[in-house]
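What follows is one structure encoded as structure tokens, with my remarks underneath.
Indexing begins at 1, ligand by ligand and atom by atom, following the structure's order.
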Amino acid sequence: MIKLKNVKTTYEGEKTPVIKDINLEVKRGEFLTVIGPNGAGKTTLLETINGLLESRGEVIVFGKDIRKFGTEIRKNIGYVPQDFSCDSLTPFLVKDVVMMGRFGKIGVLRSPSKKDREIIRKTLSFLGISELEKKPIGKLSGGQLQKVMIARALAKEPEILLLDEPFSNLDLNSRSDISGKISFLNKKEMTVIMVVHDISSIPERCKRIVLINNGKIIKDDGREKVLGG
Ligand SMILES: Nc1ncnc2c1ncn2[C@@H]1O[C@H](COP(=O)(O)OP(=O)(O)O)[C@@H](O)[C@H]1O
Ligand SMILES: [Mg+2]
């Protein structure tokens with residue numbers, strides 16, 4: 001489903017690549033967590049998989065090169081970025097922001113159908129934030145905003161879900177709640193790649209962990225093997 005071969009990503013204007021020699025294969029329905037210190041290249045790796053950065057080597061998603069077919073492929077990838085600034089979204093209500101998740105599927109010229117609105121309603125309810133539906137995005141707490149960003153990604157009904165530190169703004173209760181929900185989606189065959197900062201927030205269901213440091217994969221193995229030392 002996802003295949004990276006000898007991948008190297010260098011930011012524009014920089015000389016040295018931030019990630020290098022990356023080889024990674026992820027099968028349909030897998031749940032993989034990426035860990036590593038600050039600056040290791042975790043976010044860069046996710047954005048490379050999502051085709052948001054220029055990279056070298058092969059980045060194949062659903063059998064196609066994401067750098068050539070990004071717009072098409074991303075219709076099936078839900079992405080929750082690490083840093084979402086709310087500025088650009090300020091005049092919108094929560095339900096509008098979550099609806100943005102469906103734009104790729106709806107197309108720019110069509111307006112949302114009853115079915116689209118139903119999906120938004122179900123997604124908000126699934127994440128336990130139905131009551132936020134009509135709130136302006138600018139008036140939410142960090143944790144609420146994080147859940148809305150997850151809702152926006154899920155509203156796509158994606159086959160692949162990429163999450164970059166999705167728990168960072170959540171309290172302990174919300175963490176275990178959202179972690180359970182991500183596990184549930186994975187049980188329903190959604191392929192999940194998640195970056196976390198704190199290893200205690202890796203859900204039980206995730207059995208494969210990739211450790212990266214200095215832009216390279218140091219370990220890619222079973223949970224116990226990576227976390228055990
Ligand atoms: N837009 C950018 N331009 C140049 N360098 C960047 C950019 N974004 C990140 N970096 C650098 O790439 C490295 C890896 O960053 P990142 O992928 O965000 O790490 P992580 O998510 O593991 O903390 C860091 O050294 C960071 O400074
Ligand atoms: Mg990061």
Side-chain angles (χ1 to χ4, degrees), residues 2-26 30-61 66-67 70-71 73-74 77-89 142-154 158 160-171 174-175 178-179 182 191-203 206 208-221 223 225-227 229:
I2 298 171
K3 190 175 178 185
L4 277 68
K5 210 173 152 193
N6 301 325
V7 173
K8 192 197 243 189
T9 302
T10 310
Y11 282 99
E12 217 181 296
E14 302 287 325
K15 286 203 179 81
T16 42
V18 166
I19 56 170
K20 47 209 169 253
D21 309 327
I22 298 284
N23 288 287
L24 184 72
E25 250 184 82
V26 182
E30 251 192 299
F31 189 160
L32 186 148
T33 299
V34 179
I35 59 172
N38 281 329
K42 305 183 295 297
T43 296
T44 306
L45 176 64
L46 277 196
E47 296 201 340
T48 299
I49 294 172
N50 205 17
L52 303 175
L53 298 172
E54 272 182 46
S55 55
R56 299 248 188 149
E58 283 178 32
V59 185
I60 308 295
V61 184
I66 187 115
R67 285 134 333 162
T71 312
I73 298 172
R74 277 191 292 275
I77 304 180
Y79 178 47
V80 180
Q82 177 175 11
D83 301 307
F84 30 84
S85 109
C86 152
D87 294 357
S88 59
L89 302 170
Q144 289 172 328
L145 188 57
Q146 184 127 40
K147 290 181 193 176
V148 171
M149 291 301 121
I150 297 171
R152 184 177 69 169
L154 292 181
I160 297 174
L161 183 62
L162 306 176
L163 302 145
D164 200 347
E165 306 205 14
F167 305 124
S168 55
N169 293 302
L170 302 180
D171 59 41
S174 287
R175 253 176 221 217
I178 296 297
S179 148
I182 294 168
T191 306
V192 180
I193 304 183
M194 179 167 86
V195 167
V196 299
H197 187 66
D198 165 21
I199 58 171
S200 71
S201 49
I202 302 174
C206 175
R208 179 180 173 195
I209 297 181
V210 169
L211 168 65
I212 69 172
N213 196 10
N214 281 320
K216 289 191 181 185
I217 293 179
I218 307 294
K219 284 182 186 172
D220 176 359
D221 213 328
R223 182 188 181 102
K225 287 205 171 139
V226 178
L227 298 182

Check your understanding: Does Glu14 have any side chain to side chain contact (heavy atoms under 4.5 Å, CB included) partners at least two apart in sequence or in another chain, and if so, which?
Key ->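 Listed in chain order: Thr10, Tyr11.
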Check your understanding: With sequence neighbours excluded, what pairs up with Asp221 under the side chain to side chain contact (heavy atoms under 4.5 Å, CB included) test?
Key ->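 Asp221 satisfies side chain to side chain contact (heavy atoms under 4.5 Å, CB included) with Lys225, Val226 once adjacent residues are dropped.
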Practice item. Report the residue from Ser201, Ser179, Pro166, Cys206 that forms a side-chain contact (heavy atoms from CB on, under 4.5 Å) with Met194. Key: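 Between Met194 and the candidates, side-chain contact (heavy atoms from CB on, under 4.5 Å) is satisfied uniquely by Pro166.
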Exercise for review: Return yes when atom NZ of Lys3 has more than 12 non-hydrogen atoms of other residues, nucleotides or ligands closer than 6.0 Å, and no otherwise.
Suggested key: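 No, the 6.0 Å shell around NZ holds no more than 12 heavy atoms from other groups.
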Exercise for review: Look only at the side chain of Lys216 and the backbone of Asp21, and say whether a donor-acceptor pair between them is shorter than 3.5 Å.
Suggested key: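 Absent.
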Review point. Is a side-chain donor or acceptor of Asp164 paired with a backbone partner of Val80 at a separation under 3.5 angstrom?
Key: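 Looks like no, no N/O pair under 3.5 Å.
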Review point. If we only count heavy atoms from C-beta on, is the Ile2 to Ile193 side-chain gap below 4.5 Å?
Key: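 SC-SC contact between Ile2 and Ile193 confirmed.
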**Study point:** Any side-chain donor near an acceptor of the partner, Thr48 and Thr9, under 3.5 Å
**Key:**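 Side-chain D/A pair, Thr48 to Thr9: present.
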Check your understanding: Which N, O or S atoms belonging to the protein are less than 2.8 Å from the Mg ion (ligand 2)?
Key ->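 Near the Mg ion (ligand 2), the protein supplies Thr43 OG1, Gln82 OE1.
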Review point. Checking side-chain hydrogen bond (donor to acceptor under 3.5 Å, both in side chains) against Asn169, which of Gln146, Gln144, Arg175 comes through?
Key: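 For Asn169, the side-chain hydrogen bond (donor to acceptor under 3.5 Å, both in side chains) test succeeds with only one of Gln146, Gln144, Arg175, which is Gln146.
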Review point. Mind checking what residues have non-hydrogen atoms under 4.0 angstrom from ligand 1?
Key: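 Residue list for ligand 1: Tyr11, Glu14, Val18, Pro37, Asn38, Gly39, Ala40, Gly41, Lys42, Thr43, Thr44.
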